[in-house]
Number of protein chains: 2
Amino acid sequence: MSAQSFYANVPRHLVAVDCIIFGFENSKLKLLIMQRKVDPMQGEWSLMGGFLQDNESVDEAAARVLKQTTGLEDIYMDQLSCYGDVTRDSGARVISMAYYALIRIREHEQHPTQQFSAHWLELHQIPDLIFDHRQMIADALKKLRDNAHFHPIGFELLPEKFTLSQLRSLYEEIYQKELDKRNFRKKILSMNVLEKLEEKDKTTSKKGAHLYRFDKQKYEELKRRGLVFEI
Amino acid sequence: MSAQSFYANVPRHLVAVDCIIFGFENSKLKLLIMQRKVDPMQGEWSLMGGFLQDNESVDEAAARVLKQTTGLEDIYMDQLSCYGDVTRDSGARVISMAYYALIRIREHEQHPTQQFSAHWLELHQIPDLIFDHRQMIADALKKLRDNAHFHPIGFELLPEKFTLSQLRSLYEEIYQKELDKRNFRKKILSMNVLEKLEEKDKTTSKKGAHLYRFDKQKYEELKRRGLVFEI
DNA sequence: TCAAAAGTGTTCCGCCTACACCCATGA
DNA sequence: TCATGGGTGTAGGCGGAACACTTTTGA
């Protein structure tokens with residue numbers, strides 16, 4: 001069988017990417033969602049999405065969609081899962097690859113999301129969404145929890161400089177669980193992956209809290225010694 | 001914009017599923033691979049694969065490919081990852097969803113794999129494979145390790161009745177690490193998810209080893225109490 | 001001076017790890 | 001009787017969890 005005839009009669013499909021975009025602001029985990037501009041379901045709430053083009057990899061398509069909807073590049077993104085039911089999209093048969101992204105909202109604010117009718121919403125504020133997008137969010141949250149547990153991805157959601165209180169409240173949001181202040185500090189500092197800065201953040205207390213910075217070099221050193229990040 | 005025009009001019013793509021099929025035999029973890037029957041790369045070693053059809057979900061396509069190549073149904077399968085580089089398949093632009101499956105080789109042997117030129121090979125015996133299939137296997141192994149750590153999926157690779165020695169050597173294969181006999185027994189038995197049978201397996205020792213069976217009820221009970229399977 | 005968040009140590013308990021000998025039995 | 005794999009218990013150490021008071025300083 002020639003290559004030509006082998007591939008010739010195979011059905012082709014629409015392939016989409018949908019992005020679950022997480023942010024963290026005011027000690028709350030948030031998601032970026034938009035109102036859909038096309039039929040079917042025009043005006044309904046939706047994740048950010050787009051179709052795979054011929055000249056881009058699937059990962060590149062996801063990065064493109066993210067850039068088009070937030071203006072941001074070089075963002076942490078990871079494949080979530082493939083959603084492939086025949087009737088999941090009411091407009092046509094579309095296979096969707098879902099990605100989740102972690103955004104520093106402060107940096108994002110410089111780029112207008114208005115043109116996309118995009119909004120940052122807290123988890124409990126999320127309205128009904130089109131298709132299987134709510135399931136995608138549920139799956140993304142689970143994956144975020146699993147990944148955050150053993151990989152230093154939480155820092156992707158924080159400003160470059162952050163306080164330990166901010167870091168702790170981020171993990172409390174991700175895990176939906178209170179964390180002991182002393183034990184948290186002990187654990188994160190014992191891994192020796194943070195750089196303590198001289199600066200203090202005085203916006204949330206009179207005393208001021210030391211700022212820290214995630215040190216990728218130190219993290220690589222941790223891994224090289226066979227130890228694992230865990231929080 | 002009408003629904004028709006919105007979807008009309010979007011490029012369509014070939015979508016494949018590839019299956020990384022794990023088995024366990026003679027205390028060795030094995031993979032089922034075959035020699036490709038079509039060009040390009042005819043005769044080269046390859047994972048089991050096939051193309052997504054119009055009338056099936058992506059998960060169903062994976063199950064179909066598995067059934068066509070092994071004769072087995074109702075097999076443990078899980079999505080691995082999407083492989084979407086533009087040039088990953090030298091014959092055409094093909095997006096592949098990889099799945100990994102866990103097989104009880106004994107049950108499989110009743111179905112001839114010969115017609116597919118399929119072979120069970122140990123990990124270190126795997127030859128060069130087409131496209132990005134070797135990467136898929138590496139990713140599948142990593143995912144298998146991660147999943148086996150906190151989910152009782154190892155039992156999918158063993159006969160219904162098994163000895164603790166068999167179970168331990170399975171995990172030694174998965175983790176590529178020796179496990180202490182006493183500690184392993186203590187841990188697995190303390191979770192109370194195994195049913196101890198009266199029967200003994202005398203094939204590997206004169207004394208005979210007790211057979212056990214994974215008890216799904218007990219496992220659900222474990223989860224209900226908020227505890228996690230861990231091995 | 002006081003309110004509000006930052007920062008700091010210790011104890012206890014459970015779990016993981018390391019480790020060596022007897023048992024049952026077919027050949 | 002002996003070789004082979006099956007089966008069993010304990011002691012020590014480490015890490016996780018629980019827990020309350022002092023410090024700083026702007027208002």
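By convention in this document, chain letters (A, B, ...) are assigned in the order of the sequence lines, proteins followed by strands, and residues within each chain are numbered from 1.
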Open item on the list: If the condition is salt bridge (charged side-chain N to carboxylate O under 4.0 Å, His left out), which residues does Lys181(A) pass it with, not counting sequence neighbours?
Closed with: none
Open item on the list: Check this for me: does any side-chain nitrogen of one of Arg168(A) and Glu172(A) sit under 4.0 Å from a carboxylate oxygen of the other?
Closed with: yes
- [ ] Sequence neighbours left out, what passes salt bridge (charged side-chain N to carboxylate O under 4.0 Å, His left out) with Asp180(A)? Give chain and number order.
- [x] none
TODO: Taking only heavy atoms on the protein side, list every residue of residues 193-206 of chain B lying under 4.0 Å from any atom of DNA chain D, sorted numerically.
DONE: Thr204(B), Ser205(B), Lys206(B)
- [ ] Grab the CZ-C1' distance between Phe184(A) and dA6(C) for me, whole Å please.
- [x] 15 Å
- [ ] Indicate for each nucleotide in nucleotides 13-23 of chain C, in 5' to 3' sequence, whether protein heavy atoms under 4.0 Å reach the base (B), only the sugar-phosphate (S), or nothing (-).
- [x] ----BBBB--B
Open item on the list: Using the side chain to side chain contact (heavy atoms under 4.5 Å, CB included) criterion, which residues pair with Arg225(B)? Sequence neighbours excluded.
Closed with: Glu221(B), Leu222(B), Leu227(B)
Open item on the list: Under 4.0 Å, heavy atoms only, any strand: does Ser165(A) hit a base, just the sugar-phosphate, or nothing?
Closed with: sugar-phosphate
Task: Residue list, salt bridge (charged side-chain N to carboxylate O under 4.0 Å, His left out) with Glu220(B), at least two apart or on another chain - done: Lys223(B)
Open item on the list: Applying salt bridge (Lys or Arg N to Asp or Glu O under 4.0 Å) as the test, list every pair that has at least one member in residues 183-197 of chain B; sequence neighbours left out.
Closed with: Glu195(B)-Arg213(B)
Open item on the list: In this structure, how many angstroms lie between the C1' atom of dA18(D) and the CG atom of Leu179(A), rounded?
Closed with: 14 Å
Open item on the list: Any side-chain N or O of His210(B) below 4.0 angstrom from OP1/OP2 of dG6(D)?
Closed with: no
Open item on the list: Rounded to whole Å, please give me the gap between CZ in Arg185(A) and P in dT10(C).
Closed with: 16 Å
Task: Under the salt bridge (charged side-chain N to carboxylate O under 4.0 Å, His left out) test, residues paired with Lys161(B) that sit two or more places apart - done: Glu199(B)
Task: Any pair counted as salt bridge (Lys or Arg N to Asp or Glu O under 4.0 Å), so long as it reaches residues 68-78 of chain A, sequence neighbours left out - done: Lys67(A)-Glu73(A)
Task: Gap between atoms CG and P, on Leu167(B) and dG7(D) respectively (whole Å) - done: 13 Å
